[in-house]
Amino acid sequence: MTLGFLTGLGIKHTYEANTFQPYAWTSPPIVINCYGEDFSKLQMVRALEYWALRGYSTAFYEHAPPPEVCENEWLEGFIMLKKQRSLPEPTLASTKRWTSLNKMKGAVIYYKPGTFNLYLINEHELGHAFGFQHVDQPGHIMHPMFQKMGRDFSISEK
């Protein structure tokens, strides 16, 4: 049983490491701001527009969801934005995804306080929430180093 589980994890890791977009949503997700009222609505709207122009849309963005919704660890069909004070250095933000086979089920983007205001950080993390991996190409939105990120995007690169 353990060998089968470990084999499955190995296959999943290999798939993720060699596929630029290993996961996709079956329907546009809802994005909700659970970070707090100080999160910039304008910054998120710009980030959502970046992806919409590239064919990746969301159902809608809720800037002030009911507090009880944000108490969940994650919600199926949602991308949740949350504040996380304890991200490891030098991480500015991190996205956790819930998947089944190659389908996205839910995602949570965790930000260090204030980092949502950094240039392109929301676009980058939404890229992970849309199922994309890092790309080691300077100027690419999915570059793993903040200092080397840019507005470039191509789904054929890995």
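What's counted below: heavy atoms across the whole structure, side chains too, no hydrogens, waters or symmetry copies.
Using a 4.5 Å heavy-atom cutoff, the side chains of Pro113 and Arg85 are in contact. Using a 4.5 Å heavy-atom cutoff, the side chains of Leu75 and Met80 are in contact. Two residues are said to be in side-chain contact when any heavy atoms from C-beta on lie closer than 4.5 Å; Tyr111 and Asn122 meet this criterion. A heavy-atom distance below 4.5 Å is found between the side chains of His63 and Tyr61. Using a 4.5 Å heavy-atom threshold, the side chains of Val31 and Leu48 count as touching. In this structure the side chain of Pro22 reaches within 4.5 angstrom of the side chain of Gln133, judged on heavy atoms.
Residues meeting the side chain to side chain donor-acceptor pair (under 3.5 Å) test with Tyr119, sequence neighbours left out: none. In terms of the side chain to side chain contact (heavy atoms under 4.5 Å, CB included) criterion, residue partners of Asn117 (sequence neighbours excluded) are, by chain and number, Ser40, Gln43. With sequence neighbours left out, Tyr35 forms a ring pair (Phe, Tyr, Trp, His ring centres under 6.0 Å) with Phe39, Phe116. Evaluation of the side chain to side chain donor-acceptor pair (under 3.5 Å) rule for Glu123 yields no partner, not counting sequence neighbours.
The CD1 atom of Ile32 sits 11.5 Å away from the CE atom of Met44 when rounded to the nearest 0.5 Å. Rounding to the nearest 0.5 Å gives a distance of 8.0 Å between CG of Leu118 and CE of Met149. Taken to the nearest 0.5 Å, the CG atom of Leu92 stands 13.5 Å off from the CD atom of Gln84. For the atom pair CG (Leu81) and CD (Glu62), the distance works out to 11.5 Å, reported to the nearest 0.5 Å. To the nearest 0.5 angstrom, Thr99 atom OG1 is 4.0 Å from Tyr23 atom OH. From His143, atom NE2 reaches atom CG of Asp136 across 4.5 Å, with rounding to the nearest 0.5 Å.
Hydrophobic clustering (side-chain heavy atoms under 4.5 Å, transitive across Ile, Leu, Val, Met, Phe, Trp, Tyr) groups Phe153 together with Val135. Under the 4.5 Å side-chain contact rule for hydrophobic residues, Tyr110 and Phe146 do not share a cluster. Met142 and Leu120 fall within the same hydrophobic cluster, where Ile, Leu, Val, Met, Phe, Trp and Tyr residues are linked whenever their side-chain heavy atoms come under 4.5 Å apart, directly or through other members. Both Val69 and Phe60 are part of a single hydrophobic cluster, where members link through side-chain heavy atoms under 4.5 Å apart.
Other residues, nucleotides and ligands contribute more than 12 heavy atoms inside 6.0 Å of the CD atom of Glu68.
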N/O donor to acceptor pairs below 3.5 angstrom from side-chain atoms of residues 124-131, sequence neighbours left out:
| from | atom 1 | to | atom 2 | distance (Å) |
| --- | --- | --- | --- | --- |
| His124 | ND1 | Ile141 | O | 2.7 |
| His124 | NE2 | His128 | NE2 | 3.1 |
| His124 | NE2 | His134 | NE2 | 3.3 |
| Glu125 | OE1 | Thr95 | N | 3.4 |
| Glu125 | OE1 | Thr95 | OG1 | 2.5 |
| His128 | ND1 | Phe132 | O | 2.9 |
| His128 | NE2 | His134 | NE2 | 3.1 |

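For residues 108-149, the set of pairs meeting the disulfide bond (SG atoms under 2.5 Å apart) definition, not counting sequence neighbours, is empty. Sorted by first and then second residue, the disulfide bond (SG atoms under 2.5 Å apart) pairs involving residues 105-142 (not counting sequence neighbours) form an empty list. Judged as a salt bridge (Lys or Arg N to Asp or Glu O under 4.0 Å), not a single pair has a partner in residues 43-55 (not counting sequence neighbours). Each disulfide bond (SG atoms under 2.5 Å apart) pair with one or both residues in residues 51-89, not counting sequence neighbours, appears once here: Cys34-Cys70. Sequence neighbours left out, the pairs with a member in residues 100-116 that pass salt bridge (Lys or Arg N to Asp or Glu O under 4.0 Å) are Glu76-Lys105, Glu89-Lys112. Within the structure, the disulfide bond (SG atoms under 2.5 Å apart) test picks out no pair touching residues 85-125 (sequence neighbours left out). For residues 66-94, the pairs satisfying ring pair (Phe, Tyr, Trp, His ring centres under 6.0 Å) are Trp74-Trp98, with sequence neighbours left out.
Taking the six-membered ring wherever Trp is involved, the centroid distance between the rings of Tyr56 and Trp25 does not fall below 6.0 Å.
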*Working for side chain to side chain contact (heavy atoms under 4.5 Å, CB included), residues Asp38 and Lys83*: CA-CA 11 Å; Asp38 55 331; Lys83 190 180 295 185; 3.9 Å; yes
